[in-house]
Structures are given as structure tokens and as C-alpha cells.
Number of protein chains: 2
Amino acid sequence: MASKSKMDGSIGAKNKQKILAAAEKAFATYGFKGTSVQQIADEAELPKTNILYYFKSKQGLYVAMLQDIMSLWNSRFDQVTEDDDPAESLADYIADKMTMSRTHPQASKIFAMEVLNGAPYLNKFFSNEHVAWMEGRVAILNSWIAQGRMTAVDPLYLLFHIWACTQHYADFSAQITSLRGKTMKRADFDEATRQLVQLILSGCGLTVPEKYAESAK
Amino acid sequence: MASKSKMDGSIGAKNKQKILAAAEKAFATYGFKGTSVQQIADEAELPKTNILYYFKSKQGLYVAMLQDIMSLWNSRFDQVTEDDDPAESLADYIADKMTMSRTHPQASKIFAMEVLNGAPYLNKFFSNEHVAWMEGRVAILNSWIAQGRMTAVDPLYLLFHIWACTQHYADFSAQITSLRGKTMKRADFDEATRQLVQLILSGCGLTVPEKYAESAK
DNA sequence: CAATTTCCTGACCACTTAGTCATTTTTTTG
DNA sequence: CAAAAAAATGACTAAGTGGTCAGGAAATTG
């Protein structure tokens, strides 16, 4: 039964994970073209040939790592229904995405680079799962609007703007750090989240939930 | 008098422009590492050695092109004073930045890639002119807030969010096109601008100026 | 324990790349 | 128009790249 070609608990699975982590770090820092297989090997503390043994090619490794990353893109917002509270649902979504930018900035950067380059390896994903997800969310937002529970904004653009702002804190951290003169710590992310929740929710005619209200500053 | 080492009107100046334009296109599409000098040469319809003749190295060309691009980052918002109208000033700024994303997406993408990579060639610019610009704008926004002319948002984060949203339309155009099923035309940018102006201004407790109000849809 | 599969690796190769250099052509200038 | 400066370019090089391959070590299995 368990004698299939690939053992999940085997030594290979562990190495694959190590390689994927090393690849994520390297690709996020230097981009696809800017990263050599040797660099990934050094980062993973494995010989270069070993990388090519587990992943047939640099491109194969990149695609595997991309899939890995895309699985992080889930949040509570996926399960929201039209009966949920718009203010709380949107605020939580924004907070979730901000947390992602804080805890997984590398993944965000890789995604950004991929899309910047025309998303060659994500086009299939975009036109399948992603479009379906989008249509579902848009329907719910439109329902909230129809129920008169929020301002009549275009849901599509609203989601674009939420993504733009939240991902910005990961993707443009170099600029943000320079302008602030210091890196964004946990507390700064919390403040940024409050600011963004206030901006977006007010912009949608919603009241900011208690838990995202002004901090006890 | 005009016999300085470099003639501005000479044949060389024209070629430099041609090379810079070709470089912008190539770097925006393939990134720094992903672009070969040969590709730029082909795009500029000049022999490769000619590129290296005008710009000492690939990196030199890249830096020159970056400087070129950064000069585009000016707008009416640079001259705004605390006596100007917050709603109109901010709306115009958002509109200016959206126009940039529509008319110079390549420049935006190159800037994004540079910052994603840690902004190695922009750190000096960031910590000089850019910080000064920022401080000036923040002071004006704070003045507007002190005058009770807009909600007390943190000006720093507000500007981050304006940049994030406006640049998003250039940098993530691949994703946006996939999700919409069609590319963003002029009219779509205008609609996105109205949506964004409404979102941000409402979020700041401001009234949307007539010219950015609901289209005659 | 033998056999089979998985895992590991050094040596190597074909190819691309940025950049140099010597030389020639074109343009400018006194 | 001659001299000098600027512009152009083909041939070449040195370094780095992704990827192959053959052979061996280790683990798994009947």
C-alpha cells in the first residue's frame, strides 16, 4: 500500500522542504533569473546536484515553490456569507492580509515579482480558481450593497485596493523603512492595520469595529 | 565655448535617448538580471558594443535609466500648500498618479522591481530628497487636520496607501487583466480613479470634488 | 541477506553573458 | 583640408550558468 514511488516520511521529503525554504528565500531576494541553483544549494546546505535530483530543473523548483506559496493565500474571507457583518468581515480580511505581509514578506515579494513579469506561471491559476473566488466575493459584496448595509462601491476595485495596500507593506518595505527611518515592528503593523481599516471602512460607509478602533495611545 | 567634451545636440545624445528607451522597455519586461545587453542593443537597433560605448557598463546604463525614471515622479502635489483645498489637492494627486500608471507602466514596474530588491540604487535618493519631500507633505496634511479640515488620519500611512493603490494598476496589470477578462482601457482607468478618490476621500472625511463624482453612467 | 530502489555527488559540457581591445570610420574643428 | 576628437564595431575572453551522466553509498524490502 504505502509502497508507492514516493515515501512521504522519507528522507527525501525533508530535503524537499529544506530546498523549498531555501528557494523561497533566494528567489525573494534575487528574483528568478538573479538566483543560481548554486545559491539555493548553499542556502540549503546541500550540493547543487542534489537540488537537481529532487527538482528536475530550476524552473521546476520555481513552480513547485510558487504552488507552495499560493496555498498561503487563504483567509477567513473565503468563507464569508452575505449574512455576515460587512464591517467585521472586511476589517478581518484586511487584518489577515496585513498579518501575511508581516509574517510572510518573502512569499508576497515572489508573488509580486511573478505578476510584474506578466504572471507566466500563474495565468492558469488566475483564470480558474482565482476568477471563481473573485466572483463569489463580488457577489457577496454586491449583496451587502443591495441590502443597504454599505456604500455602493465597485466590489472589484475595492478588493484591488485592499490587496494593493496590504501587500504594499511587504513588497515596498525597503522604501517604507527608508522613509520612516526604522523598520516596521509588530506594533507599527498594528497601527498601519488600524489606519487602513479606518480608511477603507469609512470609505465604504461602515463603522470601524471596536477591536480595530483607535489604540489606547 | 560649445566645445566641451559632450555635445548635447550631437549624434551621441540621440543615441543615448534611443538606448535609454530600449533599456526601459527591456528592463521593465525582463528585470535587470533577465535582460542582456544584446537584447537592449537589438531593441535600440544598434550593435552591442555601441551600448557599452555610451554607457560604461550594464549597471551604468541601469542607473542612468533609473534616474531618468525618477524625474517622472513629480506632480502638482509637490507644490500644494496648507491653504489649498484638501479634497481637491488629494483627488488631483490620486488622479495624477493614476495617469502615471496608465501612461508609464514600464517606469512604475521598474521602480517596483528596484524597491522589491531592497532598492540598492535608490537608498541614497530615499534618504535625501524623498525624505524631505515626505516631511513637507506630512506637515501640510497635519496642518489640514489641525485646521479641522479633514479626519485625523496618520499622513504617512495615508500617502503609503495612495501610492499602493495607484501603482497597483501598473504593477499588477497582469492579475487585473486576468480577473477582469479584459485589459484596462482609458475609461476603465477613469472609473478606477473615481472609485479610489471616493474611497480615500470618504476615508478622510472629505467630500469628493464635482469633477471626480459619479460618472454619467 | 540479496536485490532493488532511493539517494547522493564529482566531473564535466554546452552555452550565455558582460566587458575589452584594437582598429576603422565618421564628424568636428582650427 | 588636415588634425583631432568622437563614434562605431568585429573578434575575442573570462566567468558563470543550468543541466547531464556515470558511478557509488545508503536505505528499503521480499
Side-chain angles (χ1 to χ4, degrees), chain A residues 1-27 29-66 110 113 117 120-121, chain B residues 1-27 29-66 110 113 117 120-121:
Chain A
M1 287 294 144
S3 67
K4 204 65 187 303
S5 59
K6 275 280 148 55
M7 312 278 140
D8 282 358
S10 76
I11 197 165
K14 248 179 192 164
N15 277 343
K16 276 195 173 182
Q17 275 314 112
K18 228 161 78 169
I19 294 168
L20 282 170
E24 188 180 320
K25 184 170 176 183
F27 284 136
T29 312
Y30 306 105
F32 179 75
K33 276 275 193 175
T35 302
S36 69
V37 178
Q38 186 61 59
Q39 282 177 63
I40 298 171
D42 292 347
E43 181 69 38
E45 291 180 300
L46 289 170
K48 188 184 83 166
T49 3
N50 211 336
I51 309 301
L52 276 314
Y53 167 70
Y54 285 108
F55 300 90
K56 304 236 163 127
S57 68
K58 182 187 178 183
Q59 181 176 308
L61 168 54
Y62 178 74
V63 170
M65 182 217 56
L66 253 193
I110 288 167
M113 284 190 207
N117 284 2
Y121 300 111
Chain B
M1 287 297 141
S3 68
K4 203 64 188 306
S5 59
K6 276 280 149 56
M7 314 277 142
D8 280 358
S10 75
I11 197 166
K14 249 180 193 165
N15 277 343
K16 277 195 175 183
Q17 276 312 115
K18 227 161 78 169
I19 293 168
L20 283 170
E24 188 180 320
K25 184 170 175 183
F27 283 136
T29 312
Y30 307 105
F32 178 76
K33 276 276 193 172
T35 301
S36 70
V37 179
Q38 186 61 58
Q39 281 177 64
I40 298 171
D42 292 346
E43 181 68 38
E45 291 179 301
L46 289 170
K48 188 186 83 166
T49 11
N50 212 337
I51 309 304
L52 276 314
Y53 167 71
Y54 285 108
F55 300 91
K56 305 234 164 131
S57 66
K58 181 185 176 181
Q59 181 176 308
L61 169 55
Y62 177 75
V63 171
M65 181 216 57
L66 255 192
I110 287 166
M113 283 189 208
N117 284 1
Y121 300 110

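So that the names make sense, note that chain A is the first sequence line, chain B the second, and so on, each numbered from 1.
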Which nucleotide in the set dT9(D), dG19(C), dG18(D) lies at the smallest distance from any side-chain heavy atom of K58(B)? dG19(C)
Side chain of Y53(B) (C-beta onward), nearest among dT20(D), dT17(D), dA7(D): dA7(D)
Please state how far atom NZ in K16(A) lies from atom C1' in dC7(C), giving the value in whole angstrom units. 13 Å
When you check the phosphate oxygens OP1 and OP2 of dA6(D), does a side-chain N or O of N15(B) lie under 4.0 Å from one of them? no
Nucleotide of dG18(D), dT9(D), dC7(C) approaching Y54(A) most closely (side-chain heavy atoms): dC7(C)
Between E43(A) and A22(A), which heavy-atom pair has the shortest distance, and what is it? CG-CB, 3.5 Å
For the CZ atom of F55(A) and the CD1 atom of I19(A), what is their distance to the nearest 0.5 Å? 5.5 Å
Nearest-nucleotide 5' precedence on DNA chain C, Q59(B) against N50(A): N50(A)
Whole-Å distance, L46(B) CG to dA7(D) P, equals 13 Å
The residue among T35(B), V37(B), I51(B) that forms side-chain contact (heavy atoms from CB on, under 4.5 Å) with L61(B) is I51(B)
Tell me if the CZ atom of F32(B) is crowded by more than 12 foreign heavy atoms within 6.0 Å. yes
Residue V37(B), side-chain heavy atoms: nucleotide from dG18(D), dA18(C), dA8(D) that is nearest: dA18(C)
Atom pair distance, as rounded to whole Å: CG in L52(A) and C1' in dC13(C): 14 Å
Interatomic distance, NZ@K25(A) vs CD1@I110(A), rounded to 0.5 Å, equals 12.5 Å
Examine the base of dG10(D) for any acceptor or donor lying under 3.5 Å from a partner atom in the side chain of K48(B), and report the outcome as yes or no. no
Give the nucleotide from the list dT6(C), dG18(D), dG10(D) with an atom nearest to the side chain of T49(B). dG10(D)
Rounded off to whole Å, could you give me the CD-to-C1' distance for the E45(B) and dT9(D) pair? 17 Å
To the nearest angstrom, how far is Y30(B) atom OH from dA18(C) atom P? 14 Å
Could you give the CD1-to-P distance, from I51(B) to dT17(C), as a whole number of Å? 15 Å
dC15(C) P sits how many Å from K33(A) NZ, rounded? 16 Å
Distance in angstrom units between Q38(B) CD and dT9(D) P, rounded: 12 Å
